[in-house]
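Note sheet for the following structure.
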Protein chains: 2
Amino acid sequence: MSDAPLRQRSRRGAGRPTIADVAKRAGVGAITVSRALREPDRVSIELRKQIASAVEELGYVPDSNARALASARADVIGVLIPSLTNNVFAEVVSGIYDGLGDSNLQVLLGDTHYSGMEEERLLRVFLGQRPSALIVSGVDQTPGARAILEAASCPVVQIMELGEDPIDMMVGFSHFDSGRAVTRHMIEVGYREVAFIGARMDPRSQRRLAGYKAAMTEAGLSDPRLITTSTQPSSVTFGREMFREAIARVPTLDAVFCNNDDIALGVLFECNRAALGVPDKIGIAGFNDLEMMKVAYPSITSVRTYRHQIGRRAIDMARAAMAGERPETRVVDVGFKLEIRESTQRGA
Amino acid sequence: MSDAPLRQRSRRGAGRPTIADVAKRAGVGAITVSRALREPDRVSIELRKQIASAVEELGYVPDSNARALASARADVIGVLIPSLTNNVFAEVVSGIYDGLGDSNLQVLLGDTHYSGMEEERLLRVFLGQRPSALIVSGVDQTPGARAILEAASCPVVQIMELGEDPIDMMVGFSHFDSGRAVTRHMIEVGYREVAFIGARMDPRSQRRLAGYKAAMTEAGLSDPRLITTSTQPSSVTFGREMFREAIARVPTLDAVFCNNDDIALGVLFECNRAALGVPDKIGIAGFNDLEMMKVAYPSITSVRTYRHQIGRRAIDMARAAMAGERPETRVVDVGFKLEIRESTQRGA
DNA sequence: CCGTTAATTGGTAGCGCTACCAGATTGCAT
DNA sequence: ATGCAATCTGGTAGCGCTACCAATTAACGG
């Protein structure tokens, strides 16, 4: 009973069965268990059964850290989005998760809060996990982030936007084109003083604004006083406030292209409250086509964006690349669709 | 730009600098580098500087898999929510992320799609990572999931609801009480035939419905025909449809308690469209108090829930427990607040 | 009978890091 | 000088798993 110093380490390996325990119980070598779990075809049926029941009896769960260390890659995909609470990105993420299927891939989700610095920091943290792929939002990475991504030894997908110069792969649509399309539509149906209202002017919003400006200019209607922007986060409340500001500045404005649907909703509520008839007195268009736009009263014209599909395509492309397939098309344009509704149906 | 850079998995040991490389460059032992990174206080300032610059020069990023394997715990927190796209949970998750601060904790987010089976599966996958803590939604885990959680050797926080019998810790509020409070309010201001409309009747919705029933019964106004529920996912569109159904069945109904704000918005839009005056002809109340409720026209009565705070408290409690502190209060009630607005201000 | 191939299975040697302990150095009291 | 604790640093031995290769067996043709 003289205390021979226990060489066991207290905290380590406490409890959980290891692959060696399973191997012993099944009467096979550890490596065979490993294979039975990862490449069952290479193990005979009898052993597979024995191993399966040993796994079951012991409640064995493979340690993914050890697996990642031994095989120099983790079944982890890093995803960076600017905001978790923005419904638009939530739907993209949902598409990504749906594309996971029953693979045992894990998603590491990072919220950059629209900050390039934070994006860089998270990228570094993610890389510490040796991810199998990375999905990032937008095309305007900081030089540092871009360097990290270019040096990353895994597939990279940029989502939401398109650009000239993909790091690796890309899924998105043209914000410029969609902004221009909405604006042209409003001009076509007869609105003349079409305002632009935008909060949180991130790069995608800037490109939509550029599309708006292009359409206004080509119609000879451009007027900088019609543009109201802010770097504050977007909200329905803030949409209402910005609209009040806009109409105080230009009382004759007759339509508003809102940078997103939240703002459009705020404008609609304010028009209802102030008894400004929509669409006759004021036309309204939003962006993203949230589900409620078609139910609103009046229903609101918006630009349908395929957010779920963007996430889904991104993960599909990433998984294909992980499997060694290099698709010929590395840039996928999922497009957009202008949904014309009551809010811009100007009575003739 | 001919052939794509092969992003095949790197061979063992290829590429990335290890802690040994840093140690060699800094002229110290590997363990000292490890300490300098994790417990800087235990390393002299000179060495710290040398190590820091070696890290910088080599672009060293610690391998978190190796770290997790060696220390038998990963800096990972598993979070399970029923739906990613539901704004309510997105805000909870946002609170969790905010509580991470600049710790190098990672969040593994799982979407159970309101399925107990999926919850169990994800729990097993998460456990394979040896997480430092787990956060799960609700109190109605399957027996299997509950067993896994009770056996887990890490802190567990159940969020969103309260219950008699916490697995470990709990942060939420009473759905029954909040449902009863709204209904009582509507009865107090004079509504008599208060309908309940609810989609996706998950356990929390069921408890709100129970609160509604209690309030109706205590006022002697209970009538099962006033209740419309569905297991379908909630949406603004579906809220409108259910309202049409409800009012067709009970044309005399004079108020609606909507199980969530999406539905309330659908009801509001339908009332606007059908020229049913709100609040005089129809009173409307929602649940969760999304930001737009106060801006809607008319503004909509709702129950303020502290979603961000729930996430924040959950992560704070988890981190405290990870640090070995066991708080005496393991069940935190963050409460709720009835926000009375125009939609239930019945003209006297 | 041997040799060859294919199909299985197992052993060995790490992956990169940290827990544990030991050794070295310093400061201070004896 | 000696002792002793406090402070700092390094070596060793794995953590649990898989890449790599060797060994075994069965199957088959010559």
Side-chain angles (χ1 to χ4, degrees), chain A residues 4-24 26-51 55 58 60-75 104 127-130 153, chain B residues 8-24 26-51 55 58-75 104 127-130 132 153:
Chain A
L6 288 186
R7 306 208 83 259
Q8 289 215 334
R9 308 191 195 185
S10 52
R11 295 231 290 102
R12 289 199 169 184
R16 282 182 42 176
T18 71
I19 206 168
D21 299 326
V22 176
K24 199 188 293 174
V28 300
I31 189 68
T32 305
V33 175
S34 174
R35 263 195 294 260
L37 296 173
R38 287 175 303 122
E39 322 168 82
D41 294 344
R42 299 176 56 79
V43 176
S44 65
I45 299 198
E46 311 90 76
L47 284 193
R48 238 142 71 187
K49 276 186 195 150
Q50 287 175 49
I51 291 168
V55 164
L58 295 173
Y60 170 72
V61 178
D63 184 316
S64 52
N65 298 120
R67 172 175 286 179
L69 181 59
S71 59
R73 65 173 264 264
D75 285 336
N104 57 348
L127 246 19
Q129 305 249 17
R130 297 179 175 276
S153 56
Chain B
Q8 301 264 345
R9 105 177 35 174
S10 53
R11 298 243 163 250
R12 286 171 96 117
R16 284 180 40 173
T18 72
I19 205 168
D21 299 326
V22 177
K24 198 187 295 175
V28 299
I31 188 65
T32 304
V33 175
S34 175
R35 264 196 293 261
L37 296 173
R38 289 175 303 121
E39 323 166 81
D41 294 345
R42 299 175 58 78
V43 176
S44 65
I45 298 199
E46 310 90 77
L47 285 192
R48 241 147 64 193
K49 277 186 194 148
Q50 286 174 48
I51 291 169
V55 164
L58 294 172
Y60 170 72
V61 178
D63 184 317
S64 52
N65 298 118
R67 172 175 286 179
L69 181 59
S71 58
R73 66 174 264 266
D75 284 336
N104 57 347
L127 246 21
Q129 305 248 18
R130 297 178 175 276
S132 295
S153 56

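Below, chains carry the letters A, B, ... as their sequence lines are ordered, and counting in each starts from 1. Predicted, not measured: the structure shown is a model, and the values here were computed from it.
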Report task. Taking only heavy atoms on the protein side, list every residue of residues 59-66 of chain B lying under 4.0 Å from any atom of DNA chain C, sorted numerically. Result -> B/Y60, B/P62, B/D63, B/A66

**Report entry** Members of residues 30-43 of chain A that approach DNA chain C, where some heavy atom sits under 4.0 Å away
**Finding:** A/I31, A/T32, A/R35, A/V43

Atom-to-atom span, [atom1] of [X] to [atom2] of [N] - whole angstrom:
{"X": "B/I19", "N": "C/dG14", "atom1": "CD1", "atom2": "C1'", "value": "17 Å"}
{"X": "B/R16", "N": "C/dC15", "atom1": "CZ", "atom2": "P", "value": "14 Å"}
{"X": "A/R48", "N": "C/dT8", "atom1": "CZ", "atom2": "C1'", "value": "12 Å"}
{"X": "B/I51", "N": "D/dG10", "atom1": "CD1", "atom2": "P", "value": "8 Å"}
{"X": "B/D21", "N": "C/dC15", "atom1": "CG", "atom2": "C1'", "value": "13 Å"}
{"X": "B/L69", "N": "C/dG14", "atom1": "CG", "atom2": "C1'", "value": "12 Å"}
{"X": "A/R130", "N": "C/dC17", "atom1": "CZ", "atom2": "C1'", "value": "12 Å"}
{"X": "B/I45", "N": "D/dC8", "atom1": "CD1", "atom2": "C1'", "value": "13 Å"}

Backbone N or O of [Y] within a donor-acceptor pair of the [X] side chain at under 3.5 Å?
{"X": "B/R130", "Y": "B/A68", "value": "no"}
{"X": "B/R73", "Y": "B/S132", "value": "no"}
{"X": "B/R48", "Y": "B/P40", "value": "yes"}
{"X": "B/R35", "Y": "B/V43", "value": "no"}

Could you state the interatomic distance from [atom1] ([X]) to [atom2] ([Y]), rounded to the nearest 0.5 Å?
{"X": "A/K24", "Y": "A/L58", "atom1": "NZ", "atom2": "CG", "answer": "10.5 Å"}
{"X": "B/S64", "Y": "B/L69", "atom1": "OG", "atom2": "CG", "answer": "11.5 Å"}
{"X": "B/R67", "Y": "B/L37", "atom1": "CZ", "atom2": "CG", "answer": "6.5 Å"}
{"X": "B/Q129", "Y": "B/D75", "atom1": "CD", "atom2": "CG", "answer": "11.5 Å"}

Query raised in the report: For the residue pair B/V33 and B/V28, what are the closest heavy atoms and their distance?
Result: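 Answer, listing the atom of B/V33 first, then B/V28: CG2-CG2, 3.7 Å.
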
Query raised in the report: If you take all heavy atoms of A/T18 and A/Y60, which pair is closest and at what distance?
Result: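 Minimum heavy-atom contact is C-CE1, 3.6 Å.
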
Requested in this report: Compare side-chain N and O positions of A/S71 against OP1 and OP2 of D/dC17 and report whether any pair is under 4.0 Å apart.
Outcome: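 The answer is no; no side-chain N or O of A/S71 sits under 4.0 Å from OP1 or OP2.
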
Report task. To the nearest 10°, let me know how far the axis at one end of the helix from C/dC1-D/dG30 to C/dT30-D/dA1 is tilted from the axis at the other, five pairs an end. Result ->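 End axes: 60° apart.
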
Query - Minimum side-chain heavy-atom gap B/S34-B/I19 below 4.5 Å - result: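 Yes, side chains in contact.
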
